[in-house]
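Report on the structure given below.
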Amino acid sequence: MLGRMALVLMLLVAAVKLVHVQVFQAEALSARAAKQRATPFDIPAQRGSIVDRAGRPLAFSVDSRVLYVVPRLLRANWQKAKDKRPERTPDFETYTARIADTVVRAAGEGTDRDQVLAKLRGDGQREELAENIGPATAWEITTAHPDIGSEYRAVRVYPNGSLGANVIGTTVWRKDQKPAGTRGVSGLESSRDQALAGRSGRRIVDTEQGRDDVVIPGTERVLEPATPGASLELTLDVDVQFMAQQLVSEHAKRSSAHDVSLVVLDAKTAEVLALATEQKINTAVSIPFEPGGAAAVVTAAGAVEDGALGPERTVTVPERVRVDGVEVRDRTGHATQDFTLAGVLARSSDVGTVQTARKLGEDRFAELTARFGFGERVELGLPGENSGQVPPREHWSASTLARLPIGHDVAVTLPQLASAYQAIANDGVRVPPRLIRAETRQNGQRAELPRPAGVRVVSPQTAATVRGLLRAVVQDSPGQKGTSPAAALPGYQVAGKSGTREQPSGQRVWNCFAGMFPAESPRFVIATLVDAADTAAAGPAGTGSAGAEAPARLFREMADYLAQRYRVPMAKERAPVQELIATR
């Protein structure tokens, strides 16, 4: 009797509990169970591609899959099948061996079958078996073996290998971030990551209870599709970029230089056709240098514009001069001579440049320096762009004009230097260089990005006069030889200026050359920089040493290729030989 009464009591308690669970707690428990099993996940968006100015691909993404398994679920499902149909279910070793063979065939060479088997037969929570599997192949495998899951991945493809890598950049797949996906780590892939990445979608998957990171294969449901990222159309010409990198690499090996950089601009639009460096990092935009005599273009343009010193006038130049306690001297010794402005440029006379700059005055020189873009970041959209350095006007002293005009105490990046010469090439209007021409948005519409506004630096007449003066730098005539005849391109008129500056460490020297061609009607601006390994390799400016000539030769070889690539007509006549030093 007591036993029966106890049994009735227990059944009564159970009934009460069952009613409470099914009636009063049903909704809460159902939601809790669904939350434990149904887990929302992000769907990575298709990353936008990057193409050159002609639409040729530089970077794009392809869909891929990662095959994975949850070993405990695999064994549990096999056991259920074995219990239900023992005669038709192979033993576990045979079953997993078949799966391993399928995965290895799909993954190709380099996949270790023993490792795949070990993962299948283990007791881990989640094991990745193979990556970079095509979507169709992954579907076939997961259909044949439902215990194998596939997870979306995107593989970033660079069809030209390392071509333009310093500009384009690189990516990695970040599964530790939310949402997981391709992330840019350098170059435009990094700086334009948000535009390229697009917007993630949403999906629901069933996960193992208590483990949101363990997805049960075959349980995905899409709630919101992902929105693809925008594609970027660059101003680069893939052929010009290829040649630029080839030349940079060759010159680095030939001169044993620490670094070599080169930039090519369209003379009218300032679009970057090529930007190459020998270093893996983009030193051309991130590490400024002192341009030395190449900065004299500012003084020359101001002197012509203001009438301080024209082509027909001369300036008396001693070998050395002192300005507020600072001694300025020409590297090549000479007696006191009357230099033309062409001679000041062609012989790279520091004394002549400083004397001319002092005629302009500090305020006017500061204004011109700013108009030429020194101290102003170029804004190409690349990570780590440096603005260079120009001393604030309020910090100038009486000796400032003894250093800035000859490229001392002022630092520029290579695109900044090219931009200054682009102003002279473009009839006195400096257009900030640009690297990204257009975006193709999610709707497929191409949207050209706004062109940077031009800045009038000097008049068209002044720009034409300065172009003519800069031709003297590359002339090679007896008694009237410039410092950079190595930059001359037979059949064409070339205008430009070299610069040499010892680095603060005293161990290396910056040698640069910036110029334009054809000089009579410029189509291209080229700036080159050779970071020489030591002062002995670089040699003094103006002596014709191998180190100092290296950037001029690099300019000429790049110009030679551009002339052929774009079929630039040869000059109708040779550039006239200009008088550099007047006879007394």
Side-chain angles (χ1 to χ4, degrees), residues 240 243 264-269 273 293-294 296-297 300-301 303-305 309-314 339-349 418 420-429 457-498 513-528 542 544 549 551-583:
V240 179
M243 181 55 64
V264 180
L265 303 181
D266 181 290
K268 299 301 180 184
T269 65
L273 301 179
V297 67
V304 173
E305 181 84 347
L309 182 63
E312 307 301 325
R313 298 171 59 186
T314 62
F339 278 61
T340 64
L341 186 51
V344 171
L345 296 171
R347 294 293 177 85
S348 198
S349 171
Y421 280 78
Q422 184 271 337
I424 299 300
N426 191 35
D427 292 332
V429 176
V457 180
V458 292
S459 68
Q461 296 78 13
T462 294
T465 299
V466 174
R467 287 198 299 270
L469 295 171
L470 290 173
R471 292 181 303 188
V473 176
V474 304
Q475 72 183 25
D476 189 5
S477 181
Q480 306 293 338
K481 183 178 180 179
T483 57
S484 301
L489 182 62
Y492 295 91
Q493 294 190 22
V494 170
K497 182 73 180 73
S498 61
F513 186 92
M516 62 209 73
F517 94 101
E520 63 276 26
S521 181
R523 289 187 59 180
F524 304 101
V525 174
I526 306 171
T528 64
E549 287 184 354
R553 289 199 304 270
L554 179 56
F555 172 95
R556 183 193 66 223
E557 292 173 17
M558 190 72 246
D560 189 17
Y561 171 78
L562 291 170
Q564 300 175 56
R565 170 75 173 81
Y566 289 95
R567 299 181 180 180
V568 180
M570 288 189 175
K572 295 180 180 179
E573 58 184 17
R574 298 183 62 179
V577 176
Q578 300 183 60
E579 184 181 42
L580 307 183
I581 301 174
T583 56

Kindly indicate, with the supporting measurements, whether the criterion side-chain hydrogen bond (donor to acceptor under 3.5 Å, both in side chains) is fulfilled by T314 and T340.
-> CA-CA 4 Å; T314 62; T340 64; over 6 Å; no
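- To the nearest 0.5 Å, atom CG of residue L580 and atom CG of residue L345 are 10.0 Å apart.
- Considering only heavy atoms from C-beta on, P576 comes within 4.5 Å of R471 through its side chain.
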Might you work through the side chain to side chain contact (heavy atoms under 4.5 Å, CB included) test for I526 and Y421, ending with a clear yes or no?
-> CA-CA 9 Å; I526 306 171; Y421 280 78; over 6 Å; no
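- Ionic pairing of R467 and D427 is present here: one or more N-O contacts between side-chain nitrogen and carboxylate oxygen are shorter than 4.0 angstrom.
- In plain terms, the two heavy atoms of A342 and E579 that are nearest each other are CB-O, 4.3 Å.
- Between F524 and V240 there is no side-chain heavy-atom pair separated by less than 4.5 Å.
- A423 and V457 make their closest contact through CB-CG2, 4.0 Å (heavy atoms, listed as atom of the first residue, atom of the second, distance).
- Using a 4.5 Å heavy-atom threshold, the side chains of S484 and F513 count as touching.
- Each of L469, V297, L470, V466 was compared with K497 under the side-chain contact (heavy atoms from CB on, under 4.5 Å) criterion, and only L470 meets it.
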Derivation of the side-chain hydrogen bond (donor to acceptor under 3.5 Å, both in side chains) call for T462 and S459 = CA-CA 5 Å; T462 294; S459 68; 3.0 Å; yes
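- Within 6.0 Å of atom NZ in K481, 12 or fewer heavy atoms from other residues, nucleotides or ligands are found, so the atom counts as exposed in its surroundings.
- Between L562 and V568, the closest side-chain pair of non-hydrogen atoms is not below 4.5 Å.
- Side chains of I424 and M516 form a contact here, defined as non-hydrogen atoms less than 4.5 Å apart.
- The environment of CZ in R565 is crowded: more than 12 heavy-atom neighbours from other residues, nucleotides or ligands sit within 6.0 Å.
- In this structure, the side chains of F517 and Q493 stay at 4.5 Å or more apart for every pair of heavy atoms.
- Counted by atom type alone, T483 and S348 present zero donor-acceptor pairs between their side chains at under 3.5 Å.
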